[in-house]
Structure formats: C-alpha cells, structure tokens
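Remember, predicted model here, so these are calculated numbers, not experimental data. All heavy atoms count here, side chains included; hydrogens, waters and symmetry mates do not. For this chain, numbers begin at 1 and follow the sequence in order.
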Amino acid sequence: MKRLYFGDNLEVLRESIATESVDLIYLDPPFNSNSDYNVIFGGRKSGDTPPQAQITAFEDTWHWSDESARTLQALYSVNGDLAELLDLLVRRLGHNDLSAYLVMMAIRLVELHRVLKPTGSLYLHCDPTASHYLKVILDSIFGVQKYKNEIIWKRTSAHSSAKRFAPVHDIILFYTKTDNYKWNPVYLQYDESYLDKFYRNQDKKGRFTLSDLTAAGVRYGESGESWKGINPTDKGRHWAVPREAVEQIIDQEISKSLTTQQKLDLLDQHGRIYWSTKGSVPRYKRYLEDMSGVPIQDVVVDISPISAQAAERLGYPTQKPLALLERIIQASSNEGDIVLDPFCGCGTALHAAQKLNRNWIGIDITHLAISLIEIRLISAFPKIEFEVFGTPKDFASAKDLAKRDKYQFQWWACSLVKVPPYQGKKKGADGGIDGLRYISDLDEKKREIKRKIIVSVKGGENVNVAMVRDLIGTMQTNKADLGFFVTLAPPTKAMITEATKAGFYRAANGQDYPRVQIFSIEDLLSGAKKPQYLDLSLGDITFKRSEKESIIFSQSELF
C-alpha cells in the first residue's frame with residue numbers, strides 16, 4: 001500500500017483509513033507559529049538568476065471560529081473525557097488562536113489513535129509553543145502510561161533572542177498504542193574522541209576496553225566462590241560474567257548449563273580476560289568490533305537541520321532532514337509495515353519509508369504539496385508505483401475543485417502542464433501569471449539560453465478572446481517565449497485563431513513550436529493534447545528534484 005491523498009486529513013482518516021491498520025504514525029503539523037510559509041521555486045536564465053517566485057504553501061495560523069466550537073462539541077460524542085479537558089482549557093485560555101489549534105489537533109489525534117495498530121507507535125513533531133498542551137491531549141487519548149519519550153531535536157546551531165534563552169530545538173512526543181509495541185534498537189557510531197579515550201588498548205583481535213568482571217555486593221552462591229585463587233567476597237563483590245560474551249562463543253542453551261567458574265574458564269581460554277598484576281581481580285576485554293555503537297538517545301544533536309546548500313533541500317517550508325525520519329522509522333517499524341504521515345508537506349516521511357522498504361500513506365490539504373511529493377518520489381525512486389487520491393481525475397471533479405477553491409484548482413491545472421505555480425493566495429496581484437517555468441534551449445549560435453514559459457489558468461464557465469490577448473500582452477511585458485492558456489471551459493474558435501496569430505519560435509532541433517498554446521482541462525486529462533516545446537535540460541528546473549536513491553524498492557519487492 002502506497003497512497004497519497006489530497007484533502008483534509010480528518011475526512012481522509014474517517015473515510016479511507018481502516019481501524020488498526022497503520023503501524024507507525026509520524027506527524028509534523030503546523031506549529032501555531034502565526035506565520036505564512038512559502039515554497040521557493042528557483043528557475044534559471046542564461047547568465048543570471050531570476051527573482052525567486054514564492055507561493056504560500058500553508059498558513060500556520062489558526063483562529064477561533066464557529067467551526068472550532070462545532071468541533072469541540074463533536075468531540076463529546078467521540079471522547080467525552082478529552083472533550084471535557086479541552087472545554088476546560090478553552091474556557092481558561094479563551095477563544096483564541098491557541099484554543100483553535102488545540103481543538104483542531106485533538107479531533108485528528110483521536111482518529112490517528114483509532115487507525116493505529118495495537119503494536120503501533122505515534123511520533124508528534126512540535127515546538128515548545130504548544131507541546132505541553134499537546135502532551136496533555138495525548139495523555140488523555142493514549143493514556144499516561146503509553147507516553148515513552150519527549151525527544152529533543154536541536155534544529156539550529158545558533159539563534160539570538162532578546163531577553164530569553166535562544167530557542168534552538170523542536171520536540172517530538174513519542175507514544176505507543178499498547179505496551180506490546182515494536183521497537184528495533186538503533187545505534188550511532190562512536191565519536192573518534194570517545195574511542196581514543198576508552199579504546200586505547202589493542203591486540204591481534206583489535207581495539208578493546210576493559211570492563212569489570214565483578215559487581216558490588218556479596219553473594220553466597222557460585223558467583224561468590226573463588227576462581228583461580230581470587231575470592232571476590234574479600235573485596236565485598238561477586239562475579240558478574242557478561243552473558244552476551246559467553247553466548248558469542250557457545251550456544252545459549254549450553255551456556256545456561258555452565259557454572260560461573262566454567263564461564264570464566266571459557267572466556268579466559270578465548271583470550272577475553274585481561275590479567276594485570278598477580279593477585280589482582282581480572283577484567284573483561286570488551287572489543288570494539290563486538291559493540292553495536294551508542295544507543296539512540298532522547299536528545300538528538302547529531303542530525304543537523306537542512307542547510308540552504310543541502311542536496312536534499314527542496315525549498316519547502318519546515319522541511320525536516322531525511323536522517324531524522326529514517327531514525328524514527330527504523331526504530332518503530334519493520335520492512336513492509338505501513339507508515340502514515342497525515343501532514344506530509346514535501347513528503348520526507350514518505351521518502352524515508354520508501355527508502356527503508358516500508359509501505360506508506362501520505363495526506364496533505366494542498367495540491368502544491370501533492371505535486372511536489374509526486375515529483376520527489378519519482379525522481380528518487382524511478383521504479384516506484386503509488387496511487388494518488390483526491391485530485392481531479394475527470395472533468396466533473398475538476399469543475400468541483402474550481403468551484404470550491406480556485407487557488408487549489410490553479411495549482412492543480414499548472415501541474416497538468418508541468419509548470420510550477422507562481423503566486424500564492426495572499427501575495428497580491430499576480431500580473432496575469434499563474435505558473436512560471438524556465439526551459440533550456442540553444443540560440444542561433446548554439447549557445448545555451450533559458451526560455452520562459454508562463455501559464456494563465458481560467459476556471460470559470462465562460463472564456464473569451466480577450467483573455468488570450470491578455471496572456472499575449474503579459475508574455476510581452478515579461479519577455480516570455482511561450483504562453484500556456486489552461487481553461488476549464490472549451491476555448492472558442494476566436495481564441496484559437498488569436499493564439500495562432502502569436503506565431504512560432506524555432507528550437508535547437510529545428511522544429512517550430514507555437515508561442516501560445518491553449519489547453520482545455522478535458523484534453524489534458526484525456527491526453528488528447530500536450531504542451532509542445534523542446535527542453536534540453538529535461539525539465540530539471542521545475543520543482544527542485546530529489547536526488548536519486550541508490551537503493552530502489554519496487555512495489556513487488558515488498559512482498
């Protein structure tokens with residue numbers, strides 16, 4: 001199962017995700033930070049870098065409304081105790097943005113608890129703004145005993161802040177559905193400074209450190225008896241033979257039948273005991289090659305945030321490092337398990353799940369995110385197969401989207417002609433440009449140039465020739481080589497004639513391409529018509545593409 005859903009995650013969870021069907025949930029919801037986040041698209045043109053276009057990916061702002069009140073009331077029929085807790089919090093905090101955020105999260109966390117398997121785990125990524133409130137909500141839903149960790153991730157190395165300690169970390173709250181949850185130990189490599197300090201000894205078997213063979217306290221059984229003339233009781237101690245060391249040499253069942261002294265003899269025979277001065281208590285030689293590493297800790301300082309120059313950076317706001325998600329998925333799931341991210345953004349959790357041979361489900365409310373994830377996954381895993389739900393598949397659903405949200409319709413329409421959207425919902429006038437892309441070509445002297453494509457999207461029921469003339473004017477103003485006119489309604493003959501008047505441009509392959517191209521949504525969905533142009537860069541300057549992974553798992557290889 002590899003599925004991507006476009007829509008409100010609350011509706012998708014209720015309608016499409018079965019009870020106790022998911023092994024691991026990771027969510028990185030908006031943080032109630034009162035910020036608008038933008039996605040950056042960087043196109044290039046010959047000899048220069050054009051201004052970057054921005055588009056609002058989502059608004060990390062919540063406001064108390066009638067919908068918030070209705071959601072709080074609906075919680076009483078789902079989880080009465082949680083509803084009472086939230087009601088108390090809301091009355092105490094007031095009808096404000098924070099209250100709206102907590103109510104929005106609570107109803108979704110109830111559904112996430114429902115879809116989680118008894119062996120499953122949930123990781124909620126948040127910041128200190130509301131983490132303490134979210135923990136109280138999770139305690140109410142999962143139970144206080146199912147709380148496992150508050151994981152601290154140092155997301156930035158330096159940050160100045162007036163009159164307070166600089167905030168440099170995020171919080172990840174870790175809960176399990178039951179006590180019978182999946183857990184795979186994950187280890188980190190030792191620092192070289194640690195090895196130099198504690199693994200200074202070396203013999204023909206490799207580097208080793210010395211560990212005690214005794215533990216504090218007197219015992220009167222065989223662990224307190226003498227061995228090779230050394231009585232641990234004299235020093236108020238007893239023998240403590242490392243079980244794993246013995247089981248590396250002989251079978252576990254045979255090991256159980258041996259006395260403490262026989263185990264010590266076995267270790268000594270295999271060179272695992274270090275003798276110093278005569279009569280002193282020997283010590284155990286713990287070889288570096290036998291050590292797995294440092295168990296992962298609840299403070300993460302070894303995974304850096306994504307720098308501006310990082311290869312994995314896609315320009316999406318709040319993008320988290322792939323390594324962070326890999327660590328979580330490795331620890332709390334197995335190959336073939338289902339990983340769910342209900343706020344999947346640019347798809348880092350889905351990328352990590354695919355890379356680690358897991359199945360996955362991603363949900364996001366913006367088509368911009370869905371388009372970015374599709375491109376990211378296909379770029380990183382060329383053989384990947386997955387399904388996309390919620391995006392228009394026919395004219396009726398396209399018309400419905402245009403009616404419900406013209407901006408989502410514009411973003412989706414731009415994706416049909418493989419051009420990134422240009423302006424966001426709150427960025428002011430777009431100058432008649434809904435999409436912008438640069439493509440590579442050669443001029444008459446065979447020098448590389450960048451041609452500009454702009455897109456105009458019309459989701460209304462009526463279109464006319466004046467709209468095509470407007471597009472041509474916008475092309476001239478912005479020095480664009482091509483203009484795509486995407487329309488929900490069928491174009492008129494006058495529009496097609498006007499587009500033809502714009503003429504053609506000759507590409508490096510010697511072919512002539514129309515400067516203005518008109519596409520109806522029906523033609524694009526059916527494949528009856530496609531954009532015509534030459535791009536020598538093979539489209540590498542649309543959404544920034546994810547690097548191709550060296551290990552690729554196809555759908556069939558998972559089973």
Side-chain angles (χ1 to χ4, degrees), residues 145 147-152 154 174 176 179-303 327-328 330-332:
Q145 300 80 8
Y147 164 72
K148 296 297 178 261
N149 280 110
E150 178 182 78
I151 302 165
I152 303 298
K154 188 178 179 183
F174 170 28
T176 61
D179 291 329
N180 181 31
Y181 60 95
K182 295 178 182 178
W183 180 256
N184 303 311
V186 177
Y187 299 92
L188 310 179
Q189 291 185 345
Y190 295 109
D191 291 333
E192 198 59 39
S193 59
Y194 174 85
L195 297 178
D196 291 341
K197 182 176 181 180
F198 294 100
Y199 283 84
R200 293 173 293 179
N201 305 299
Q202 188 163 352
D203 60 18
K204 62 182 181 179
K205 292 183 179 180
R207 298 174 70 169
F208 66 90
T209 188
L210 299 177
S211 301
D212 288 334
L213 275 171
T214 61
V218 174
R219 298 289 186 271
Y220 296 101
E222 61 185 38
S223 64
E225 297 177 358
S226 296
W227 176 68
K228 292 195 173 183
I230 299 171
N231 190 342
T233 303
D234 294 342
K235 299 182 181 297
R237 300 179 70 83
H238 65 278
W239 296 112
V241 182
R243 177 181 54 81
E244 70 279 1
V246 176
E247 292 176 359
Q248 286 178 0
I249 301 172
I250 59 173
D251 181 80
Q252 183 179 9
E253 292 302 317
I254 298 177
S255 173
K256 292 178 181 179
S257 67
L258 300 181
T259 65
T260 298
Q261 285 66 29
Q262 288 174 327
K263 293 176 182 177
L264 288 167
D265 284 336
L266 186 68
L267 291 178
D268 196 23
Q269 292 167 10
H270 285 80
R272 302 303 296 263
I273 293 181
Y274 178 83
W275 298 88
S276 54
T277 57
K278 187 176 181 180
S280 64
V281 176
R283 305 189 72 188
Y284 170 62
K285 295 165 71 173
R286 191 178 300 277
Y287 284 94
L288 178 61
E289 66 176 21
D290 295 332
M291 303 302 296
S292 300
V294 182
I296 53 173
Q297 310 293 306
D298 64 1
V299 177
V300 181
V301 295
D302 63 303
I303 298 178
R327 182 170 300 179
I328 290 171
Q330 285 175 329
S332 293

Would you say that [X] contacts [Y] through its side chain, given a criterion of any heavy-atom pair below 4.5 Å between the two side chains?
| X | Y | result |
| --- | --- | --- |
| Ile152 | Val301 | no |
| Val281 | Ile230 | yes |
| Trp183 | Ser332 | yes |
| Glu225 | Trp227 | no |

[X] (side chain) donor-acceptor with [Y] (main chain) under 3.5 angstrom:
| X | Y | value |
| --- | --- | --- |
| Arg207 | Leu195 | yes |
| Gln297 | Pro295 | yes |
| His238 | Gly224 | no |
| Glu222 | Gln261 | no |
| Lys148 | Gln145 | yes |

Self-check item: Which residues share a ring-ring contact (aromatic ring centres under 6.0 Å, His included) with Tyr181, sequence neighbours left out
Solution: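 None.
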Practice problem: Walk me through it: do Lys285 and Leu210 pass the test side chain to side chain contact (heavy atoms under 4.5 Å, CB included)? | Solution: CA-CA 5 Å; Lys285 295 165 71 173; Leu210 299 177; 4.1 Å; yes
What's the separation between atom [atom1] in [X] and atom [atom2] in [Y], rounded to the nearest 0.5 Å?
| X | Y | atom1 | atom2 | value |
| --- | --- | --- | --- | --- |
| Leu264 | Arg272 | CG | CZ | 13.5 Å |
| Arg237 | Thr214 | CZ | OG1 | 3.5 Å |
| Gln330 | Ile296 | CD | CD1 | 8.5 Å |

Quiz prompt | Identified side-chain contact (heavy atoms from CB on, under 4.5 Å) counterpart of Tyr287 within the set Asn201, Thr209, Asp203 | solution =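 Exactly one candidate clears the test, Asp203.
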Quiz prompt | Residue of the set Thr260, Leu258, Leu266 for which side-chain contact (heavy atoms from CB on, under 4.5 Å) holds with Val241 | solution =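 Exactly one option meets the side-chain contact (heavy atoms from CB on, under 4.5 Å) with Val241, and it is Thr260.
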Quiz item: Are Arg286 and Glu244 ion-paired here, with the side-chain N under 4.0 Å from a carboxylate O?
Solution: yes
Quiz item: What pairs with Ser226 under side-chain contact (heavy atoms from CB on, under 4.5 Å), at least two apart in sequence or on another chain?
Solution: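 If we apply the side-chain contact (heavy atoms from CB on, under 4.5 Å) test to Ser226, skipping adjacent residues, the hits are Asn231.
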Exercise. Return yes when atom OH of Tyr199 has more than 12 non-hydrogen atoms of other residues, nucleotides or ligands closer than 6.0 Å, and no otherwise.
Key: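 Yes - once you tally the heavy atoms of other residues, nucleotides and ligands closer than 6.0 Å, there are more than 12.
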